[in-house]
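These notes concern the structure reproduced below.
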Amino acid sequence: MLWHPARTKTLCPIQRCRACGEAASFQVTLQGRYLCTRKISSALFTSSVVRVQTFEHLLSGLNEQQRQAVTTLDGPVLVIAGAGSGKTRVLTTRVAYLIANGIPPERILAMTFTNKAADELRQRLAVLCDPWSARRVWAGTFHSIFARLLRRNAELLGYSPNFTIYDDDDSLSLIRRLLKEQNIPPKELSPNSVRSVISRAKNELVYPDDYAAQTQTPRQQRIATIYHLYQRALRRADAMDFDDLLLNMIDLLEHSEEVLQLYQNLFAYIHVDEYQDTNKAQYHVIKLLGSEHRNVFAVGDDAQSIYSWRGARIENIFEFQRDFPEHRLVRLEQNYRSTQVILDAANALITNNPEQIPKQLWTAVRGGEPIRVASYWDETDEATGIVREIERLRQAGLLQQWSDAAILYRINAQSQVLEDAFRRADIPYRIIGGISFYKRKEIKDALAYLRLLVNPSDDEAFLRIINEPPRGLGQATIEHLRLWAAHHEVPLLAAAARATEISAIARPKQAVLTGLARLIATAAEKTTAPLAEAIHHYLEQTGLLSYYTAQATEEALDRYENIARLIADIAEYAAAQELNQQTPSLEEYLQRVSLLTSADETSDSDAVLLMTLHAAKGLEFPVVVIAGLVEGLLPLIRATTTDRDRQEERRLFYVGITRAKERLMLTYPRNRSTFGLVQGTLPSSFLAELPLELLDADRPEDFAPRRSEQLSRGLSPSPAPSNGRPARYRTGMRILHPSFGEGIITGIEGHGDNTKLHVRFSTGGTKILMAGYAPIQVLST
DNA sequence: CTACATGTAATTTTT
DNA sequence: TTACATGTAG
Ligand SMILES: Nc1ncnc2c1ncn2[C@@H]1O[C@H](COP(=O)(O)OP(=O)(O)OP(=O)(O)O)[C@@H](O)[C@H]1O
């Protein structure tokens, strides 16, 4: 495995850029892997007393186990440890330690879960080492790092370096289009389910041909066809979806031995945070990159694995142990985040998951405030109660700043009521994630116009804007254009430019199309104008801006403002780039935007934070409120819920609890209004899994297990989870459904969570309802 | 081709 | 309750 600088030069622009940096130290380390690393580090240790002190300084904030993890430089290291035990701190310090040991920062790879976490890593490194080194480390999410690497090597895979990244919406509308072309009505095969099947397949490394080969049902065969067409369409549009970023990275590395060696050598040290939530494809890349030098450092907690629905595999932990048998396993046992009370509650909860790796966790913070469990009449009440409690804490001086408090919930929809309550109380709040700025319609439209400048083959973008603002181009015109484009195998934009050749389209519309194409082509030409200005001008030309200003409704004005904000954002980006002496480019901006994670949206205003439990992973707050502890919501129970899902819900709750440093409050409403119909709820069964003596509950009798149950729970380590659905259905039962009205059960199909009910409604129709999901009320047996 | 009206079904979590 | 999709009238 020798280094070939000459050959790599053409493949990897990083090497060329680096030439202006510190060539000397670079060359020394380039020769080999661990041998040279050790040589360098030992040389530094012996030659410089000052440096040794620096290392001590780095290690001073760590306990013995943490030090071991940090200072094990060579070979694989796996850190498996509970919440708040300092895993992220260990990872950060270790990167700093490597740099202090003379490892060039650009040879260190660190995969984080969000871009924000990567930024924080760099900020820490800037303090621990120096800002210049911090900036050179390869830190980011799997997706964003892979996107960068893929751009550099795009041609090798048959893409252009400016390939577009399709987000969920783009994929979905593409799939919709393909279904239509195949004459499959969305009712028979929902675009959403096709997308999720394809995505799941990709996460499992199942390619279209593999998938087609293993189809069993006609439905799967249809999906296989769509999957195939979908990949072809993506390629033609010079686009990748999120999953492709991972798959194509694998392709790239397996494509040529040379490229593989290049990156195996470049990334001499590989780090993965939140390792429990990596999927098969991600692990595959880790293995490809790390199998030679074996310097792979992974930290994680199986009890915090909450993304299995996205293909994450806890099994990757065990596979790591198998594939890197010589690894050093480090366990961290001291929790530095939470009080004893909070930690005890979390530990008690998680023991209900029999499959979790057992972990000891202790904290030096004795005692702590009991966990408040508050009950409210309904969700509005609940939100008001939470806000009042936050206000009370603030007044009592127990909340230094608003942002020391976070409200967590299971689904985004829950934020609405909370938002209203905060607004009423006039307390600053901020929603993390949810419908982000970049997902708004007008922003996506504007971005679609921009995408076309960078990638003229981007058909999804073109279809998005072809009649936005309205230009009188409707279904018929679009259909003709599409047929012609398909026939001539050119992108839609190119077809539009040649619209005069399409006789099926009326003259006036041809002119509109060519005009639009010319406008885009002109804007795509290089200008000397500053980026944001040029874009502003372009968006004005498209008519998008005037479309909104002309309407003068409040909504339209809002949209106009949002686009203005987008332009301001671009200007800000450009300024930041120039500050770093880098040229801003639209390409880079668009890539950044498409790879934003929900945690990334920054703002320094002091506000109470509202986010989903998923979004809270890795964060910590002095005060945490978890809202909506209602059976069916947390744990979320759907028709398809399995026991494994239930365990994941429990882990999700575990993640939530362990975000709290000092105070934890859990709330539930006794009634929930769904579609305007009020329904009684049961408190989450998870509440009964928390030791009662740690709680300060309004109505413990609502959820606490009865004495006899408590005894039996104590005896059997893994109680069979009750599935929290008290209603048992029988044929002949009379039931009430909020939208269908009264009906009689005429048949029952399947069992457990898959129970389907055949119900004949008094209104005449017969429906098949999912017993676990449908909001059914039993009237009589 | 667009705009409006009516009916329908629906609520996970996100890179 | 709302959001979206489909159908119909202009
Ligand atoms: N040795 C230590 N001494 C003091 N504080 C520490 C130490 N190690 C970690 N901490 C602090 O403990 C808190 C939790 O650390 P960190 O976020 O790294 O834990 P984690 O294991 O990554 O947590 P999680 O898995 O819950 O995300 C942080 O505030 C961190 O600064």
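What you see is a predicted model, and the numbers here were worked out from it, not measured in a lab.
Judged by the 6.0 Å distance and 45° axis criteria, A:Lys617 is positioned over the aromatic ring of A:Phe113. With A:Tyr429 as the aromatic partner, A:Arg423 does not meet the cation-pi criteria of under 6.0 angstrom to the ring centre and within 45 degrees of the ring axis.
Take A:Thr141 and apply the side-chain contact (heavy atoms from CB on, under 4.5 Å) test, not counting sequence neighbours, and it matches A:Asn115, A:His143, A:Ser144, A:Thr597. Not counting sequence neighbours, the partners of A:His614 by the ring pair (Phe, Tyr, Trp, His ring centres under 6.0 Å) test are A:Tyr307, A:Trp309. With sequence neighbours excluded, the residues forming a side-chain contact (heavy atoms from CB on, under 4.5 Å) with A:Asn353 are A:Ile350, A:Gln356, A:Gln647, A:Arg650, A:Arg651, listed by chain and number. For A:Gln282, there are no side chain to side chain donor-acceptor pair (under 3.5 Å) partners two or more places apart in sequence or in a different chain. Judged as a ring pair (Phe, Tyr, Trp, His ring centres under 6.0 Å), and not counting sequence neighbours, A:Tyr547 has no contacts. Applying the side-chain contact (heavy atoms from CB on, under 4.5 Å) test to A:Leu172 and every residue at least two apart in sequence or in another chain returns A:Arg176, A:Pro191, A:Asn192, A:Arg195. Considering only residues two or more places apart in sequence or on other chains, A:Phe462 meets the ring pair (Phe, Tyr, Trp, His ring centres under 6.0 Å) condition with none of them. With sequence neighbours excluded, no residue forms a salt bridge (Lys or Arg N to Asp or Glu O under 4.0 Å) with A:Asp645. With sequence neighbours excluded, the residues forming a side-chain contact (heavy atoms from CB on, under 4.5 Å) with A:Ser193 are A:Ser190, A:Arg219, listed by chain and number.
Within the nucleic acid shown, A:Asp168 comes within 4.0 Å of at least one base atom, counting heavy atoms only. Residue A:Ile411 is in sugar-phosphate contact alone, with no base atom involved, counting any heavy-atom pair closer than 4.0 Å across all strands shown.
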Tabulate protein N/O versus nucleotide N/O from nucleotides 1-6 of chain B, keeping only pairs under 3.5 Å, one per line.
from	atom 1	to	atom 2	distance (Å)
B:dC1	OP1	A:Gly474	N	2.9
B:dC1	OP1	A:Thr477	OG1	3.1
B:dC1	OP2	A:Ala476	N	3.4
B:dT2	OP1	A:Asn467	ND2	3.0
B:dT2	OP1	A:Gly472	N	3.3

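Rounded to whole angstrom, the span from the CD atom of A:Glu379 across to the C1' atom of C:dT1 amounts to 13 Å. Atom CZ in A:Arg644 sits roughly 21 Å away from atom P in B:dT12 (whole-Å rounding). Taking atom NE2 on A:His614 and atom P on B:dT13, their separation rounds to 9 Å, with Å as the unit. If you measure from atom CZ of A:Arg672 to atom P of C:dT1, you get 17 Å, rounded to the nearest angstrom. In this structure, CG of A:Leu613 is placed 16 Å from P of B:dT12, rounded to the nearest angstrom. Atom CD of A:Gln414 is separated from atom P of C:dT1 by 20 Å (rounded to the nearest Å). We find that CD of A:Glu648 is positioned 9 Å from C1' of B:dT13, with the value rounded to whole Å. Taking atom CG of A:Asp243 as the reference point, atom C1' of B:dT15 lies 8 Å away to the nearest angstrom.
For DNA chain B, none of the residues of residues 190-204 of chain A falls under the heavy-atom distance limit of 4.0 Å. Against DNA chain B, the stretch residues 302-312 of chain A makes heavy-atom approaches under 4.0 Å through A:Tyr307, A:Trp309, A:Arg310.
The existence of a salt bridge linking A:Asp243 and A:Arg310 is excluded, since no basic side-chain nitrogen approaches an acidic carboxylate oxygen closer than 4.0 Å.
In this structure, of B:dT13, B:dT12, B:dT15, it is B:dT13 that holds the atom nearest to the side chain of A:Thr612. Nearest nucleotide to the side chain of A:Thr141, out of B:dT14, B:dT12, B:dT15: B:dT15. Ranking B:dT15, B:dT14, B:dT12 by closeness to the A:Asn412 side chain, first place goes to B:dT14.
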